[in-house]
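Here's the structure, in structure tokens; my notes come after.
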Amino acid sequence: MAKRKTHYWLLKSEPNAYSIDDLVKDRTTHWDGVRNYQARNMLRDEILVGDKVLFYHSNADPMAIVGTATVVQNGYPDHTAFDKTDKHYDEKSDPDNPRWFMVDIEIAQKFAEPITRDMLRENEITAGMMVLAKGSRLSVQPVTEDEWKAVHKLAKAKLK
DNA sequence: GCCAACGTTGGC
DNA sequence: GCCAACGTTGGC
């Protein structure tokens, strides 16, 4: 069976809602509540088991990449859209024709120190990351292999 | 708290 | 199909 090349992604979360520490505690989670079509398409079609994820804290102090995770379940319907009591309930998502999707991820590592936006901006490679672009609101973003590696170098450098 | 950027909605 | 109004995101 031909093996697909690993793809890399960045997932944003407000730590108030779900933080890296929550993921460390839970080990795995389903990435529910995404209600944006571009992000939905990636969750449904492009993000596959074995892909690697940068975990980013938005609207936080500090705003930073705080760890990594691995995708352990391909896209499947986001059941929180069917739950009237859920914050992300969407009456237009039909269980027979779901509108929203999610993947499952598992903690890989929590960085010893957060990789802040300033740190990302100062590095030649990570300075080009989508998450730094003005007005970048997409909560699921593709990351290049070079960016992935550069973030890890920053994480190691930070340990010194 | 402010507000620019962006996505969605709905009238026409 | 256009686009103004509106709501949300998210950095600062």
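Proteins come first, then strands; the chains are lettered A, B, ... in the order of their sequence lines, and each starts at number 1. Quantities reported herein were computed from a predicted structural model and do not represent experimental measurements. Because only heavy atoms are used, hydrogens play no part in the values below, and waters and symmetry mates are left out as well, while side chains stay in.
Distance, A/W100 CH2 to B/dT8 C1': 10 Å, rounded to whole Å. If you take CG of A/L138 and P of C/dT8, they are 18 Å apart, rounded to a whole angstrom. In this structure, CE of A/M63 is placed 16 Å from P of C/dT9, rounded to the nearest angstrom. In this structure, CZ of A/R40 is placed 15 Å from P of B/dG7, rounded to the nearest angstrom. Taking atom CD1 on A/I65 and atom C1' on C/dG11, their separation rounds to 15 Å, with Å as the unit. What separates CG of A/N16 from P of C/dG10 is a distance of 13 Å, to the nearest Å. Taking atom CD on A/Q141 and atom C1' on C/dG11, their separation rounds to 13 Å, with Å as the unit. When rounded to the nearest whole Å, the span between CE of A/M130 and P of C/dG11 equals 14 Å.
Of the N and O atoms on the side chains of A/D78 and A/T80, at least one donor lies less than 3.5 Å from an acceptor on the other residue. In this model, a donor atom of one side chain and an acceptor atom of the other lie less than 3.5 Å apart for A/D26 and A/Y18. Side-chain atoms of A/R44 and A/Y76 form no donor-acceptor pair, as typed in the model, at a separation below 3.5 Å.
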* Step-by-step side-chain contact (heavy atoms from CB on, under 4.5 Å) determination, A/L43 to A/W100 -> CA-CA 9 Å; A/L43 290 168; A/W100 305 116; over 6 Å; no
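Within the structure, every side-chain polar atom (N or O) of A/Y56 is placed at least 4.0 Å from both OP1 and OP2 of C/dT9. Note on A/K12: a side-chain N or O is less than 4.0 Å away from OP1 or OP2 of C/dG10. Look at A/R121 and you won't find any side-chain N or O under 4.0 angstrom from OP1 or OP2 of C/dG11. Taking only side-chain nitrogens and oxygens, A/R35 never comes nearer than 4.0 Å to OP1 or OP2 of C/dT8.
Residues A/N59 and A/S136 each lie close to DNA chain B; by heavy-atom proximity, the contact nearer the 5' end of the strand is made by A/N59.
Nearest to the side chain of A/E14, among C/dG10, C/dG11, B/dG7, sits C/dG10. Comparing C/dC12, C/dG10, B/dG7 against the side chain of A/N36 picks out B/dG7 as the nearest. Comparing B/dT8, C/dG11, B/dA5 against the side chain of A/K134 picks out B/dA5 as the nearest. With B/dA4, C/dC12, C/dG10 as the candidates, the nucleotide lying closest to the side chain of A/R117 is C/dC12.
Crowding of A/Q109 atom CD: a count of heavy atoms from other residues, nucleotides or ligands under 6.0 Å exceeding 12.
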